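Notes follow the structure.
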Amino acid sequence: MTPLHDWNLSPTEAIALQRRLAGRVEHTDRLAPVRRIAGVDIGFEQGGEITRAAVVVLAWPPAGEGRFEVVEQAVHREPTRMPYVPGLLSFREVPAALAAFERLETRPQLALVDGQGIAHPRRLGVASHLGLWLDLPTIGVAKKRLCGRHGEPGPARGDWAPLVDDGPGGEETIGAVLRSRRGVKPVFVSPGHRLCLETAVAWVVACLGRTKLPEPTRLADRLASRRDQKRR
DNA sequence: GCGACAG
DNA sequence: ATCTTGTCGC
């Protein structure tokens, strides 16, 4: 069987693989009771030479208003071997993310990933790809749009506008443009694996703290970019 | 041919 | 993604 993250694939083969894998992604809710939520993100060091994957595991539910307890953290660094190509991001980031996950002692029931879920040209963004490989429910939380069209979401936290794109059978909703914080540019939420859009949006909103990004992704972002110690 | 383009 | 200081605003 072809590995889900074979980085020795040509762009054409990678695209064909994504089309096949997209058929395995589950778009309906199927998640175990949540007690641990993971945040995943990838950063780079030394001008991109080194890929740095970070996973942060938070306890659910939070102790207070957006006050999550960090249960565990894991970082994995390795030489970067793939360039960034729009639409093929998972081949560049998933291998390192998997290595970071292997370092965890706790197994989360849900993971929020920095990037798109099914809001992808072939409906297999990095969040979906990772969820499929880890056999875990995942949600994609991106800061920018990759594909699809949308209107402007309302001004209040939690307001969202559907992200739609044309598919084989016509127009389909692939994600939500969510206002995670008043007066701030919205984030792009899309199901990764094993949950529907409404459930994905609900979890992201439930994980919001005071900032634009939900806590799992925000903390993983800081760890991946070593912003947690880079302060001086 | 001309844009658009997750991280 | 990353390179980077101060600055405006709640």
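All values reported here derive from a predicted model rather than from experimental measurement.
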Original post:
Roughly, in whole Å, what's the span from CD in A/E49 to P in C/dT2?
Top reply: 14 Å

Pairs under 3.5 angstrom, nitrogen or oxygen only, protein versus nucleotides 2-7 of chain B, please.
| unit_1 | atom_1 | unit_2 | atom_2 | d |
| --- | --- | --- | --- | --- |
| B/dA4 | O3' | A/R145 | NH2 | 3.4 |
| B/dC5 | OP1 | A/R145 | NH2 | 2.5 |
| B/dA6 | OP2 | A/Y84 | OH | 2.5 |
| B/dA6 | O4' | A/Q116 | NE2 | 3.4 |
| B/dA6 | N7 | A/G87 | N | 3.1 |
| B/dA6 | N6 | A/G87 | O | 3.1 |
| B/dA6 | N6 | A/L88 | N | 3.4 |
| B/dA6 | N6 | A/L89 | N | 3.1 |
| B/dA6 | N6 | A/H120 | NE2 | 3.4 |
| B/dA6 | N1 | A/V126 | N | 3.2 |
| B/dA6 | N3 | A/Q116 | N | 3.2 |
| B/dG7 | OP1 | A/K143 | N | 2.8 |

Original post:
So, A/R149 and A/D166, do they make that salt bridge, N to O below 4.0 Å?
Top reply: yes

Original post:
Just by distance, with hydrogens left out, do A/T217 and A/D114 show a side-chain donor and acceptor under 3.5 Å apart?
Top reply: no

**OP:** Check A/E172, A/Q116, A/Q18 against A/R123 for a side-chain hydrogen bond (donor to acceptor under 3.5 Å, both in side chains) and give me the one that passes.
**Re:** A/E172

**OP:** Compare all side-chain heavy atoms of A/K212 with those of A/V187 and state whether any distance is below 4.5 angstrom.
**Re:** yes

Subject >> Test log, rule side-chain hydrogen bond (donor to acceptor under 3.5 Å, both in side chains), inputs A/T106 and A/E72 >> reply: CA-CA 8 Å; A/T106 51; A/E72 190 182 359; 2.6 Å; yes

**OP:** Decide ring pair (Phe, Tyr, Trp, His ring centres under 6.0 Å) for A/F91 and A/H129; before the verdict, give the C-alpha distance in whole Å, the side-chain angles of both, and the deciding distance to 0.1 Å.
**Re:** CA-CA 9 Å; A/F91 294 93; A/H129 201 147; 5.6 Å; yes

Original post:
Is the closest basic N to carboxylate O distance between A/E152 and A/R179 below 4.0 Å?
Top reply: yes

Original post:
Is atom CZ of A/R35 surrounded by more than 12 heavy atoms (other residues, nucleotides or ligands) closer than 6.0 Å?
Top reply: no

**OP:** Just need the stems in DNA chain B: three or more back-to-back Watson-Crick or G-U pairs, each with both distances under 3.5 angstrom, sorted by first number.
**Re:** none

Subject >> Residue-phosphate contact under 4.0 Å: A/S225 side-chain N/O, C/dT2 OP1/OP2 >> reply: yes

**OP:** Let me know the distance between CZ of A/R77 and P of C/dA1, rounded to the nearest Å.
**Re:** 18 Å

